[in-house]
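A short write-up of the structure that comes next.
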Amino acid sequence: MYFENTGIEDIAADLFVLDEIMLEHNLIRGGQWDYERVTYDKKYTLKDGTFYLRIFGFTTDGDVGSRDALINLKKPVIGKHHYPFGVEYGEDENFPKSLLNDCETTLKAVAEALQMHNVKKA
């Protein structure tokens with residue numbers, strides 16, 4: 001399920017700034033990157049299963065591996081992990097309301113932090 005109108009989608013920001021802001025809000029880049037793409041994850045372990053708030057990004061300018069890249073963020077998404085297949089983002093998934101509320105709060109805080117760093121639309 002995608003989150004609409006978060007203020008995050010289509011933002012372009014320096015990778016170093018993004019890594020710091022995302023980490024402050026428990027969104028971890030970890031090993032989910034290659035030289036052109038990044039994924040920031042916030043993991044939720046609930047009685048209903050394991051869920052991930054994900055923010056994908058890509059660069060057309062720079063190299064993620066050298067930490068010298070301008071990252072264009074995409075629409076945030078929530079997914080549920082299904083062992084052994086991976087994370088599913090389907091609209092037919094059932095997401096607890098409390099989970100969605102926390103995701104929206106996190107996304108709002110990230111958007112505000114990005115604005116404080118004067119990032120611009122891509």
Side-chain angles (χ1 to χ4, degrees):
M1 179 183 117
Y2 286 97
F3 291 93
E4 302 288 339
N5 303 315
T6 64
I8 292 174
E9 56 275 353
D10 300 322
I11 289 288
D14 181 77
L15 177 64
F16 184 77
V17 171
L18 278 178
D19 281 351
E20 287 193 3
I21 289 172
M22 297 298 186
L23 189 57
E24 288 173 8
H25 300 284
N26 298 315
L27 286 149
I28 309 299
R29 178 162 57 101
Q32 303 94 313
W33 65 272
D34 65 20
Y35 294 101
E36 298 172 346
R37 295 181 297 261
V38 295
T39 303
Y40 294 97
D41 285 339
K42 183 173 182 180
K43 182 179 180 180
Y44 295 88
T45 304
L46 307 174
K47 67 179 180 176
D48 299 332
T50 301
F51 301 87
Y52 289 91
L53 170 60
R54 286 206 159 141
I55 302 174
F56 297 101
F58 65 95
T59 184
T60 57
D61 178 29
D63 180 340
V64 173
S66 67
R67 294 183 52 89
D68 179 29
L70 186 65
I71 303 295
N72 299 294
L73 297 177
K74 298 172 91 175
K75 223 184 273 186
V77 64
I78 184 77
K80 183 175 183 180
H81 185 264
H82 293 277
Y83 180 83
F85 305 107
V87 179
E88 296 288 331
Y89 306 104
E91 293 295 326
D92 57 337
E93 290 291 344
N94 185 22
F95 299 108
K97 186 68 175 164
S98 61
L99 170 67
L100 297 176
N101 289 340
D102 189 81
C103 290
E104 289 170 356
T105 299
T106 297
L107 293 170
K108 182 179 179 184
V110 168
E112 289 171 358
L114 288 167
Q115 286 178 356
M116 288 177 36
H117 281 83
N118 295 318
V119 298
K120 306 290 182 209
K121 289 282 185 183

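Position 1 is the first residue of the sequence, and the numbers go up from there. Owing to the predicted nature of the structure, the values given are computational and were not obtained by experimental measurement.
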What distance separates [X] [atom1] from [Y] [atom2], expressed to the nearest 0.5 Å?
X	Y	atom1	atom2	result
Asn72	Phe58	CG	CZ	4.0 Å
Phe95	Cys103	CZ	SG	9.0 Å
Thr39	Met22	OG1	CE	10.5 Å
Arg54	Lys42	CZ	NZ	15.0 Å
Glu104	Thr6	CD	OG1	10.0 Å

With heavy-atom distances below 4.5 Å as the criterion, would you say the side chains of [X] and [Y] are in contact?
X	Y	answer
Phe51	Val87	no
Val110	Tyr40	no
Asn26	Thr106	no
Ile11	His117	no
Leu100	Phe3	yes
Tyr2	Glu9	no
Leu53	Asp102	no
Glu93	His82	yes

Is the number of heavy atoms from other residues, nucleotides or ligands within 6.0 Å of CG (Asn94) greater than 12? no
Residues, nucleotides or ligands: over 12 heavy atoms within 6.0 Å of Tyr89 OH: yes
Donor-acceptor pair, side chain of Thr59 and main chain of Ile71, under 3.5 angstrom: no
Closer than 3.5 angstrom, by distance alone: can the side chain of Lys43 be matched with the main-chain N or O of Ile28 as a donor-acceptor pair? no
Is there a chain of hydrophobic side chains (I, L, V, M, F, W, Y, each step under 4.5 Å between heavy atoms) that links [X] to [Y]?
X	Y	answer
Tyr52	Leu18	no
Leu70	Val38	no
Ile8	Leu99	yes
Val77	Ile55	no
Ile21	Phe56	no

Please find the pair of heavy atoms, one from [X] and one from [Y], that lie closest to each other, and give the distance.
X	Y	value
Leu15	Val64	CD2-O, 3.7 Å
Arg29	Asp19	NH2-OD2, 2.6 Å
Lys80	Gly49	CE-CA, 4.3 Å

